[in-house]
Structures are given as C-alpha cells and as structure tokens.
Amino acid sequence: MKILDQHVIAVGLRRWAMVLFLGVFLVMLGDFIAQVGSYLGALFSARWWLFLAFEAVRLPTFIATWLPLSTLVAAMLTAAPLINQGTLTALGAAGIAPARVFRMFVILALFTGLASFVITDQIGPRLAPLTDRLELAMEGKGDLRSDRDRAAGW
C-alpha cells in the first residue's frame, strides 16, 4: 500500500468516524427534543431503564439514517484541505490521478451502503416490534411480555 493511500485512509476514516458519531448524536438529540415530555417522564420514573433500552434498540435506525451521509461528508472534509492547499494539483502534476487519491472512499462508500442496507432491511424491521413494546411500556400502557411476535426466529 502506498503512502498516499495510507494517509487518505487514516485521515478519511478518522473524519468518517467523527462525522458518524456527531451525526448520530445530533439525530438522537433532535428526537429527544421532539419528545422531551414523554422521555423525561420515563427517565424520572421507577422504570428509567426502559428509556435506555428504548434508545439502545432505536440506535441502529439512527445509524442507518446517517451512515451513507457520513461517507460523503467525510470525503468532502478530506478533499477540502487537499484542494485548498494545492496538494491535489501537485499530485495531478506528478501524474497521480485524483480518482486514485479518493479510491479508498469508494470502498468505504460501498461498505457503508451495504451496512446501511442490512440495517434498514434486516435489523430495523426485526427491532420495530420491540421498539413499539418498549415505547408503550415507557408510557405505562403496555407490558414488555405481550405480543411476542418474532420474525425469522429472532
């Protein structure tokens, strides 16, 4: 692996992880603010752990929302300094194509697209009944043991 590829991978993956974390945090914060009344009621009740379980079950959905976008934002945050400092121009003058510089982001984009598809297609629908039961239990309207339909053996 060439030094340029190692540098782009290191910088790109670090920025991707940062953008993914911040994006998921902001999506979760927005959801919390939208339903702050019921969430605070659940947090300050005797069954506060239901809120934590509810958020843990919904986390894959939030990740699937932000996963493809995080790759694009990370690629832009990696490309901006290269363009601004003239590094991309110097590499182009040396005979290195810009497509070669950013080919690692294509691999990352394929990985995140596949992961987002798996989460949206397989994990999300299987966690939806549990999410509904947890939400009803947080509001005091249901029981966690009721309606135990499980798709595909889960």
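Along the sequence shown, residues are numbered consecutively beginning with 1.
In the hydrophobic clustering of ILVMFWY residues, with side-chain heavy atoms under 4.5 Å counting as a link, Trp49 and Leu43 come out together. The same ILVMFWY cluster, assembled from side-chain heavy atoms under 4.5 Å apart, contains both Leu52 and Val36. Residues Leu29 and Val24 do not share a hydrophobic cluster, defined by chaining ILVMFWY side chains whose heavy atoms lie under 4.5 Å apart. Hydrophobic cluster membership differs between Val11 and Phe105, with clusters built from Ile, Leu, Val, Met, Phe, Trp and Tyr side chains linked at under 4.5 angstrom. By the criterion of side-chain heavy atoms lying less than 4.5 angstrom apart, applied directly or through intervening Ile, Leu, Val, Met, Phe, Trp or Tyr residues, Trp48 is grouped together with Phe54 in one hydrophobic cluster.
By the 6.0 Å contact criterion, CZ on Phe25 is open, its count of non-hydrogen atoms from other residues, nucleotides or ligands being 12 or less.
Evaluation of the salt bridge (charged side-chain N to carboxylate O under 4.0 Å, His left out) rule for Arg103 yields Asp5 as partners, not counting sequence neighbours.
Here the side chains of Trp16 and Leu67 are in contact, with some heavy-atom distance below 4.5 Å. Using a 4.5 Å heavy-atom cutoff, the side chains of Leu127 and Thr61 are not in contact. Between Phe32 and Leu40, the closest side-chain pair of non-hydrogen atoms falls below 4.5 Å. Annotation: side chain of Val73 is not in contact with side chain of Arg15 (no heavy-atom distance under 4.5 Å).
Nearest heavy atom pair, residue Ala64 against residue Ser116, reads O-OG, 3.3 Å. Across all non-hydrogen atoms, the minimal contact from Ala42 to Phe51 is CB-CB, 4.3 Å. Taking each heavy atom of Thr65 and Pro68 in turn, the nearest pair found is O-CD, 4.1 Å. In terms of heavy-atom proximity, Ile119 sits nearest to Pro60 at CG2-O, 3.2 Å.
Ile107 CD1 to Phe102 CZ: the interatomic distance, rounded to the nearest 0.5 Å, is 14.0 Å. With rounding to the nearest 0.5 Å, the separation of CD1 in Ile96 from CG in Leu88 is 10.0 Å. Separating the CG atom in Asp121 from the CZ atom in Arg126 is a distance of 8.5 Å, to the nearest 0.5 Å. Note that CH2 of Trp66 and OG1 of Thr71 are 10.5 Å apart. Values are rounded to the nearest 0.5 Å. Here CG of Leu20 is found 10.5 Å from CG of Leu69. Values are rounded to the nearest 0.5 Å. The distance from atom CG of Leu134 to atom CD of Glu55, rounded to the nearest 0.5 Å, is 10.5 Å.
Looking only at distances, no side-chain donor or acceptor of Thr120 sits under 3.5 Å from a matching main-chain atom of Phe117.
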